[in-house]
Amino acid sequence: MSEKIIETQFQVTGMTCAACSARIEKALNKMEGIEEANVNLALEKAAVKFNSATIEAADIQTKIRNLGYDVVTDKTELVLTGMTCAACSTRIEKGLNKMKGVNHATVNLALEKATIEYNPLAISQKDMIEKIKQLGYGASIVNEDKDKTADHRLQEIKSQQRKFMISLILSLPLLWTMVAHFSFTSFLYVPDVLMNPWVQMALATPVQFYVGKQFYVGAYKALKNKSANMDVLVALGTSAAYFYSVYLAFETIRDNTHSVGLYFETSAVLITLIILGKLFEAKAKGRSSEAIKKLMGLQAKTALIMRDEVEMEVPLEEVLAGDIVLIKPGEKIPVDGIILEGLSAIDESMITGESVPVDKTVGDEVIGSTINKNGFLKVKATKVGKDTALAQIIKVVEEAQGSKAPIQRMADYISGIFVPIVVTIAVITFVIWYMFVSPGDFAEALEKLIAVLVIACPCALGLATPTSIMAGSGRAAEFGILFKGGEHLEMTHQIDTVVLDKTGTITNGAPILTDVITDLEKAEFLSLIGSAEKQSEHPLAQAIVDGVKEKQIPFKDISHFEAIPGHGIKAAIQGREVLIGTRRLMKKFNINVDNVLEEMTYLEKQGKTAMLTAIDGKYSGIVAVADTIKDTSQHAIKRLKDMGLDVIMITGDNELTAKAIANQAGIDHIIAEVLPEGKALEIKKIQEKGKKVAMVGDGINDAPALALADIGMAIGTGTDVAMEAADITLIRGDLNSIADAIYMSKQTIRNIKQNLFWAFGYNTIGIPVAAIGFLAPWLAGAAMAFSSVSVVLNALRLQRVKL
């Protein structure tokens with residue numbers, strides 16, 4: 001393998017001292033294939049010279065990350081033009097992935113987009129665009145050209161419409177002469193002028209070289225880059241028919257004849273039908289990204305802001321974080337923010353699915369694109385542009401639509417090798433017909449070759465998966481289900497076990513203080529307990545704090561606080577030591593609670609979470625809180641069971657409390673008293689039994705389990721950490737979304753399989769039928785053109801799925 005030395009740089013983060021940079025430098029220089037590595041702590045850069053035949057840039061990045069540091073990478077999306085089939089997208093993908101500095105590139109034929117992760121120190125967006133242009137296609141940056149993208153689609157449709165009309169007008173007279181040859185249409189009158197070879201050539205030539213120019217250009221670019229695509233097949237087939245007809249036309253001069261069997265109508269009608277198919281396909285593909293358009297349509301276009309004591313209306317893009325936004329009744333809230341002044345009911349149905357408006361006042365957060373129903377609000381913008389909740393939702397949907405499902409790899413591989421195989425079959429067909437079936441009949445053999453070339457175009461194969469992924473993930477997003485990628489959309493249908501976190505997932509996650517049992521003075525007891533719990537972020541702690549506030553009991557100053565995961569808390573308040581937590585916590589600090597355990601058990605059997613308390617090393621009382629299950633949980637869990645899924649509840653609560661909640665929700669299997677770090681271990685145990693597990697949670701402590709599960713589903717009303725670790729975000733916080741997500745996955749995979757079956761079956765049946773001679777070239781062209789349209793239309797059925 002020939003050596004190719006490459007020099008590149010990586011932006012490294014996480015280094016704190018010279019020892020860090022020395023460690024990275026030493027580790028990199030030990031790697032096989034690296035000639036020299038220098039790490040600069042001040043610049044936070046690693047300059048590396050390596051042999052690309054031995055090692056790749058991605059391996060170097062992985063090594064740096066394995067050492068505990070990170071490498072800065074950028075992600076961009078490019079709008080592509082000029083692609084005609086899966087072979088085109090594969091070629092661009094391969095070309096980009098070979099570029100120095102590109103970590104990973106995927107090209108989506110249906111979306112006409114390239115998603116590229118790259119090293120900004122090694123390559124620029126301009127370099128990638130130039131590479132795509134060298135490959136014979138067009139490219140522009142999505143963020144800068146969103147309007148241009150829409151215009152491009154529209155222009156493409158208009159261009160195809162114009163070409164189709166020209167082609168149709170010129171091809172109809174040729175079609176008339178062809179149809180008149182059939183015995184059952186002998187009554188049709190055909191003017192002599194149309195039978196003239198030169199008139200036919202005059203009609204066919206603009207179709208062949210003006211309308212059909214795109215196929216020649218595409219074929220040239222493909223062959224120049226040592227590959228083949230659909231354009232090669234169309235150009236070969238139509239050129240064979242056209243140039244053979246030209247040859248026959250000149251034969252009429254030599255032989256002084258007027259009537260001869262010509263094939264001008266074959267090439268012209270073929271091109272007309274294929275252009276018609278492309279036109280339908282372009283329109284259908286435009287509809288497949290309807291979900292993104294709907295989401296973008298929810299955004300406000302302008303915002304009324306206050307700057308330097310002056311009110312001004314500015315475009316949404318010009319609103320900055322920290323701006324004061326004024327929102328009148330009935331208006332859309334333009335950005336995410338916090339209310340500074342005012343009181344109103346906010347319609348958040350587009351995010352949460354809840355039709356009842358939510359009352360909001362000073363200090364409450366509001367979400368961009370929700371609707372202010374009846375009050376004037378002054379809001380401080382906290383998240384603008386791509387950071388708003390809606391922008392993040394759009395980003396997730398776009399990434400899911402642009403990603404590839406594993407099932408697509410097979411189709412991509414086959415379409416990549418398909419064209420050379422078809423050309424070989426076509427040549428063999430020609431030889432067999434010319435040598436054996438109709439010896440010496442060149443025209444007959446040529447007709448069969450053309451039919452094979454045209455029937456085999458792999459358009460449907462390339463569109464089968466991405467159009468279904470686009471439509472399926474888009475439709476799911478309309479119901480608040482965000483799949484982070486095509487692979488997650490595919491995997492979800494295999495799930496057979498659903499593990500549900502309790503607090504905030506099955507329950508509302510907002511418990512209330514229900515019982516206070518103590519021999520101490522109650523106000524003093526609650527003041528100490530409330531002051532300690534005020535330092536904790538746990539929902540149960542918040543319930544105690546809220547309960548103390550309601551009783552208007554003052555809080556005390558706290559000098560020390562310690563959270564003991566899975567046990568409880570320890571605090572020092574005005575010289576007194578306070579412990580609040582589980583039986584395990586009391587045992588850990590040698591506090592005797594045997595005489596109150598029966599009372600604690602009674603509370604737990606009622607579904608309450610009871611916490612033991614100790615002050616200055618002695619038992620002092622019990623506080624209990626209760627969390628109610630969500631209204632929809634029982635019905636949702638029944639749906640999951642009806643789908644044949646095992647449903648398990650996992651919680652850190654004790655078994656009695658867990659059983660009480662499980663009974664209310666209709667869950668038969670529980671895993672209780674699980675420490676936060678133990679949730680991932682429990683998921684692993686279930687997986688070791690051969691189960692495909694979906695974990696559903698909403699808290700920080702659920703993140704490891706969400707990441708480990710086959711599919712992690714985060715409740716959208718939960719923490720950002722959980723949503724980051726999950727594969728699917730259920731925005732609405734309703735457990736019915738779990739069943740909906742699984743159903744949507746099953747429908748999408750079923751749709752993909754239908755498309756692939758049609759695409760494979762079409763070619764498997766069509767090629768032999770054409771080779772045997774049962775398919776005229778023009779009919780083969782019509783079938784090919786409408787095969788891809790039928791695949792796209794089948795995928796669009798997913799946009800009508802009811803959940």
Ion pair check, Lys685 and Glu688, cut-off under 4.0 Å: no

Is the backbone of Ile731 close enough, under 3.5 Å, to the side chain of Thr729 for a donor and an acceptor to pair up by distance? no

Check side-chain contact (heavy atoms from CB on, under 4.5 Å) between Val593 and all other residues, then give those that pass, not counting sequence neighbours. Met586, Ile591, Val596, Leu597, Leu612, Tyr619

So, does Thr492 use its side chain to make a donor-acceptor pair with the main chain of His488 at under 3.5 Å? yes

Donor-acceptor pair, distance only, cut-off 3.5 Å: does the side chain of Ser745 make one with the backbone of Leu489? yes

Thinking salt bridges, do Asp515 and Lys608 make one under a 4.0 Å N-O criterion? yes

Looking only at side-chain N and O atoms, does Asn736 offer a donor or acceptor that is under 3.5 Å from a partner on Thr632? no

Can you name the closest pair of heavy atoms from Ala532 and Val578 and give their distance? CB-CG1, 4.3 Å

d(Ile506 CD1, Ile637 CD1) to nearest 0.5 Å is 5.0 Å

Counting only pairs under 3.5 Å, give me each side-chain donor-acceptor contact of residues 550-566, with atom names and distances, residues two or more places apart or in other chains.
| residue | atom | partner | partner atom | Å |
| --- | --- | --- | --- | --- |
| Lys556 | NZ | Glu524 | OE1 | 3.4 |
| Ser559 | OG | Ala572 | O | 3.1 |

In terms of heavy-atom contacts, Leu526 and Val548 come closest through O-CG2, 3.7 Å

So, does Thr582 use its side chain to make a donor-acceptor pair with the main chain of His567 at under 3.5 Å? yes

When you check the side-chain N and O atoms of Ser468 and Thr748, is any donor under 3.5 Å from an acceptor? no

Mark yes or no for whether Asn592, through its side chain, and Asp594, through its backbone, hold a donor-acceptor pair below 3.5 Å. yes

Main chain of Glu577, side chain of Lys570: is a donor-acceptor contact present, judged purely on distance under 3.5 Å? no

If you compare all heavy atoms of Ser531 against all heavy atoms of Ile573, which two are closest, and at what distance to 0.1 Å? CB-CD1, 3.9 Å

With a 4.5 Å cut-off on side-chain heavy atoms, are Ile742 and Leu645 touching? yes

Is a donor from one side chain sitting under 3.5 angstrom from an acceptor on the other, for Arg639 and Gln634? no

Salt bridge or not between Arg576 and Asp616? Use side-chain N to carboxylate O under 4.0 Å. yes

Does this structure show an ion pair linking Lys679 with Asp501, if we count only N-O contacts that are shorter than 4.0 Å? yes

Could you check whether any side-chain heavy atom of Ile333 comes within less than 4.5 Å of a side-chain heavy atom of Ile346, counting everything from C-beta outward? yes

Does a sphere of radius 6.0 Å around CZ in Arg65 hold more than 12 heavy atoms from other residues, nucleotides or ligands, not counting ones at 6.0 Å or beyond? yes

Within the 4.5 Å heavy-atom criterion, are Lys360 and Lys373 side-chain neighbours or not? no

What is the distance from atom CD1 of Ile749 to atom NZ of Lys753, rounded to the nearest 0.5 Å? 7.0 Å

Apply salt bridge (charged side-chain N to carboxylate O under 4.0 Å, His left out) to Arg584 and Glu673, showing your working. CA-CA 10 Å; Arg584 288 196 296 264; Glu673 299 181 38; 3.7 Å; yes

Any chance CG of Asp631 has more than 12 other-residue heavy atoms, nucleotides or ligands included, within less than 6.0 Å? no

Answer yes or no: is there a donor N or O on one side and an acceptor on the other, between the side chain of Thr505 and the main chain of Lys502, under 3.5 Å? no

Could you check whether Lys659 pairs with Glu655 (Lys NZ or Arg NE/NH1/NH2 to Asp/Glu carboxylate O, under 4.0 Å)? yes

Met713 to Leu706 - nearest heavy-atom pair and separation: O-CD2, 3.4 Å

Any non-hydrogen side-chain atom of Val625 less than 4.5 Å from a side-chain atom of Ile512? no

Measure across Ile367 and Thr370 and return the closest heavy-atom pair with its distance rounded to 0.1 Å. O-OG1, 2.5 Å

Within the structure provided, determine whether Ile529 and Thr613 are in side-chain contact (heavy-atom separation under 4.5 Å). yes

Under 3.5 Å, is there a donor on one side chain and an acceptor on the other for Asp710 and Gln494? no

Do the non-hydrogen side-chain atoms of Asp734 and Lys630 ever get within less than 4.5 Å of each other? no

Would you please say whether a donor-acceptor pair under 3.5 Å links the side chains of Asn751 and Gln747? no

If only atom types and distance count, is the side chain of Ser344 paired as donor or acceptor with the main-chain N or O of Gly375 below 3.5 Å? yes

Is Thr62 reaching over with its side chain to a backbone N or O of Ala58, donor-acceptor style, under 3.5 angstrom? yes

Separation between CG of Leu528 and CD of Gln574, rounded to the nearest 0.5 Å: 8.0 Å

Which of Ile683, Thr497, Ile670, Ile667 passes side-chain contact (heavy atoms from CB on, under 4.5 Å) with Ile648? It is Thr497

May I ask you to check whether Thr382 and Asp336 show a side-chain donor-acceptor distance below 3.5 Å? no

So how far is it from Leu340 CG to Lys380 NZ, rounded to the nearest 0.5 Å? 7.0 Å

Minimum heavy-atom distance between Leu708 and Gln687, given as atom pair plus value: O-NE2, 3.2 Å

If you define the side chain from C-beta out and look only at heavy atoms, does anything of Ser620 sit under 4.5 Å from Phe525? yes

Check this for me: does any side-chain nitrogen of one of Arg583 and Glu604 sit under 4.0 Å from a carboxylate oxygen of the other? yes

A side-chain contact here means heavy atoms from C-beta on lying under 4.5 Å apart; do Glu682 and Ile650 qualify? yes

When you measure from the side chain of Ser536 to the backbone of Glu533, do you find a donor-acceptor pair of N or O atoms at a distance under 3.5 Å? no

